[in-house]
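Written out below as structure tokens is the structure these notes cover.
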Protein chains: 2
Amino acid sequence: MGAVPVWLRERRSGVGRPAERSRAEVTAAAIALADREGLAAVSMRRVAAELGTGAASLYRYVDSRDDLLDLMTDEVAAAYELPPPGPWLPGLLEVCRQGRELMRRHAWLPELVLTRSALGPHGTDLLEQVLEILAGHPADVGRKLEAFAVMNALTAALTLSELDVGARQRQGAYLAHAVAAGRHPHLTAALTGGSPVPAPHFEDTISRVLVGLLGE
Amino acid sequence: MGAVPVWLRERRSGVGRPAERSRAEVTAAAIALADREGLAAVSMRRVAAELGTGAASLYRYVDSRDDLLDLMTDEVAAAYELPPPGPWLPGLLEVCRQGRELMRRHAWLPELVLTRSALGPHGTDLLEQVLEILAGHPADVGRKLEAFAVMNALTAALTLSELDVGARQRQGAYLAHAVAAGRHPHLTAALTGGSPVPAPHFEDTISRVLVGLLGE
DNA sequence: CTCATTCGGGAACGGTGTTCGCGAACACCG
DNA sequence: CGGTGTTCGCGAACACCGTTCCCGAATGAG
């Protein structure tokens, strides 16, 4: 054990006292809690309380908190409704659009996707679909797998900065200070040039990146 | 306060007992500790012990642990040695190449860059340089700023997965299982097709993404 | 009914970030 | 020199945290 992911350490069954809950129930409770109060609130004690049980009991279903986080991520990935076959670019864009939607619905997701890229059953299904969308594409396997990774990471990173208004405010505060200090001419020109900075749209950005990666 | 970043909450001075340490010293101790034992080891108590002092003392230099993490990130960004003026693509590639090198030297950096994108003085200098490199480029300001964000996020994400061998192993273990189960034809074809999957190189990937984003 | 086996979970261990408050150390002022 | 205002250092405490131990309870099999 150690190099073996959560999903392979399934519950054996048969003899003994039957469990009162399931891994899915624990995962759902954790997701509900994270949706309501953020990732930081997902502690073993809080999740257990959500289920009306004790913290130690959770370790019957999960080896560690990190395992639970992986389960949460993969569980959400079950909600992808994959697009019908068609040209690859619109197909991948739709996947990204849905990913962004999932992350907006679960504001804790981007952080998990970025810091622990764990492929569970649903994540694997998604990868399979992406490979199917790219089936006719001439790029080699390595590049396709990389496109998948870049898609996910970029969607998460862009959605995260989109959601984290606190960070944007602090950033703005410091940039304003830097401009006022006067030692950053290009930055000053960029930030004071006429209208408020036009923000590129998510789909446009992802689209350009994908085209750059996989060709027209 | 709250929307005001660490760097603007500078130490006022003059009267009173002089401080025995400096913010820079605290930051350096935290970086040394993180380099040696990882980000998880950077607790207020451990950093304080590194300096031979008590945990509570650190709060004279920093408002919270998160502030300290931001200081660490920005401090490392001081090490960029910016390329001489020239065509924009090689210039940006050099910036990314150096970013990757910094992240390999400080394995805790990618996580911080991905989850808390805080621009401090050195990060702002870097942004200024990137804007200078792009000074002659016809793209509008929004797209240039976005290119900066994408560059950073992608460099961090790629370097992180490069460094995190544990995750790659677990991933491999589960993918092997999925292939064995037989319900993922494209995935199976991709993973069993001839030689080991050819991994695209970092600079090539970043280059394609930048060209997609900013044009040839 | 016995028994191996599993589950539930209170209690405890060794951590964590942060706050409180007090004594000490200094710069300035009279 | 003696206050005095102000800051610094930091032990102690608070409210948590993840995880492990261990024992009693529950169960299905024989």
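Within every chain, numbering begins at 1; the chains are lettered A, B, ... in the order of the sequence lines, protein sequences first and strands thereafter.
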Given that both distances must come in under 3.5 Å, which nucleotide forms a Watson-Crick or G-U wobble pair with C/dC28?
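D/dG3 is the nucleotide pairing with C/dC28.
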Partner nucleotide of C/dC20 by Watson-Crick or wobble geometry (both distances under 3.5 Å):
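Answer to the pairing question: D/dG11, which forms a Watson-Crick or G-U pair with C/dC20.
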From the set [options], return the single nucleotide nearest to any side-chain atom of [X].
{"X": "A/M44", "options": "D/dG18, D/dC10, D/dC22", "result": "D/dG18"}
{"X": "A/A56", "options": "D/dC21, C/dC7, D/dT7", "result": "D/dC21"}
{"X": "B/R45", "options": "C/dT6, C/dA12, C/dG17", "result": "C/dG17"}
{"X": "B/R17", "options": "D/dC8, C/dG17, D/dA25", "result": "D/dC8"}
{"X": "A/S64", "options": "D/dT6, D/dT19, D/dG9", "result": "D/dT19"}

So, [X] and [Y], do they make that salt bridge, N to O below 4.0 Å?
{"X": "A/D204", "Y": "B/R143", "result": "yes"}
{"X": "B/E128", "Y": "A/R183", "result": "no"}
{"X": "B/R104", "Y": "B/E162", "result": "yes"}

Rounded distance [0.5 Å steps], CG in B/D63 versus CG in B/L68
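CG of B/L68 is found 11.5 Å from CG of B/D63.
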Determine the contact category for [X]: base if any of its heavy atoms lies under 4.0 Å from a base atom, sugar-phosphate if only primed atoms, P, OP1 or OP2 are that close, otherwise nothing.
{"X": "B/S43", "answer": "sugar-phosphate"}
{"X": "B/G16", "answer": "base"}
{"X": "B/V42", "answer": "sugar-phosphate"}

Atom-pair distance ([atom1] on [X]; [atom2] on [N]), nearest Å:
{"X": "B/Y59", "N": "C/dC22", "atom1": "OH", "atom2": "P", "result": "21 Å"}
{"X": "A/R46", "N": "D/dC17", "atom1": "CZ", "atom2": "P", "result": "7 Å"}
{"X": "B/L58", "N": "C/dC20", "atom1": "CG", "atom2": "C1'", "result": "17 Å"}
{"X": "B/L39", "N": "C/dG17", "atom1": "CG", "atom2": "P", "result": "11 Å"}
{"X": "B/E25", "N": "D/dC8", "atom1": "CD", "atom2": "P", "result": "14 Å"}
{"X": "B/R21", "N": "D/dT7", "atom1": "CZ", "atom2": "P", "result": "19 Å"}

Going by heavy atoms in the side chains, are A/W108 and A/M72 under 4.5 Å from each other?
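Side chain of A/W108 against side chain of A/M72, heavy atoms only: contact under 4.5 Å found.
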Is there a side-chain contact between [X] and the phosphate of [N], meaning an N or O under 4.0 Å from OP1 or OP2?
{"X": "A/S57", "N": "C/dG8", "answer": "no"}
{"X": "B/R65", "N": "C/dG17", "answer": "yes"}
{"X": "A/R60", "N": "D/dT20", "answer": "no"}
{"X": "B/Y61", "N": "D/dG9", "answer": "yes"}

